[in-house]
Amino acid sequence: MVKTADGYAVQFAAYFSLDGAPGPYIGFGNGGSYDKSTEFSKLGKLKGAQTYKVPERIDVSKYGEIYIWCKPYNVPLGIANLR
């Protein structure tokens, strides 16, 4: 995650890769628990660099993890620590 002039954005590096799953969305959580209210964008592509603006409604300081979440099956596809 990076701070920008407009707030925060989630950035995935060029080496980012997800094997694939239906309905991958991006959101935040803590301690292995996903907060569905933070879901803010569908993942645009399965590989490569990409950036997603975090909506102002989400207080990123309250979260320690970012999730790629499989919405149809309600399971995590990937979790990364923010701190």
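Just so it is clear, the values below take in all heavy atoms, side chains as well, and ignore hydrogens, waters and symmetry mates. As the structure is a computational prediction, the values presented were derived from the model and not from experiment.
- Criterion: ILVMFWY side-chain heavy atoms under 4.5 Å apart, direct or through other members. Under it, Leu77 and Leu82 are part of a common hydrophobic cluster.
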Val10/Phe28 under side chain to side chain contact (heavy atoms under 4.5 Å, CB included): CA gap, chis, key distance, verdict: CA-CA 11 Å; Val10 173; Phe28 294 91; 4.1 Å; yes
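- When all heavy atoms are compared, the tightest approach of Pro72 to Pro22 is CD-O, 3.4 Å.
- Using a 4.5 Å heavy-atom threshold, the side chains of Pro76 and Cys70 count as separate.
- Between Asp6 and Thr4, the side chains place no donor N or O within less than 3.5 Å of an acceptor N or O (distance only, hydrogens not considered).
- Shortest non-hydrogen contact noted between Glu39 and Arg57 is O-NH2, 3.0 Å.
- For OH of Tyr63, the number of neighbouring non-hydrogen atoms (other residues, nucleotides, ligands) closer than 6.0 Å is greater than 12.
- With a 4.5 Å cut-off on side-chain heavy atoms, Phe16 and Gln50 count as touching.
- Atom-to-atom distance recorded for Thr51:OG1 and Phe12:CZ is 9.5 Å, nearest 0.5 angstrom.
- Within 6.0 Å of NZ on Lys45 lie more than 12 heavy atoms contributed by other residues, nucleotides or ligands.
- For the atom pair CD1 (Ile68) and CG (Leu43), the distance works out to 5.0 Å, reported to the nearest 0.5 Å.
- Judged by distance alone, the side chains of Asn74 and Lys36 do bring a donor and an acceptor atom under 3.5 Å apart.
- With hydrogens and angles left out, the side-chain atoms of Tyr67 and Glu65 include a donor and acceptor closer than 3.5 Å.
- The distance from the OG atom of Ser33 to the CD1 atom of Ile79 is 9.5 Å, given to the nearest 0.5 Å.
- In terms of heavy atoms, Gly44 sits closest to Tyr52 at N-OH, 2.6 Å.
- Between Tyr25 and Trp69, the gap from one ring centroid to the other reaches at least 6.0 Å.
- Summarising the geometry of Pro24 relative to Leu18, their closest heavy-atom pair is CB-CD2, 4.1 Å, with the distance given to 0.1 Å.
- Separation of atoms CG (Asn30) and CG (Asp35) is listed at 8.0 Å; rounding is to 0.5 Å.
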Should Met1 and Val60 be marked as a side chain to side chain contact (heavy atoms under 4.5 Å, CB included) after you check the CA-CA gap, both sets of side-chain angles, and the distance that decides it? CA-CA 9 Å; Met1 188 163 49; Val60 296; 3.8 Å; yes
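- Between atom CD of residue Gln11 and atom CD1 of residue Ile66 there is a gap of 11.0 Å, rounded to the nearest 0.5 Å.
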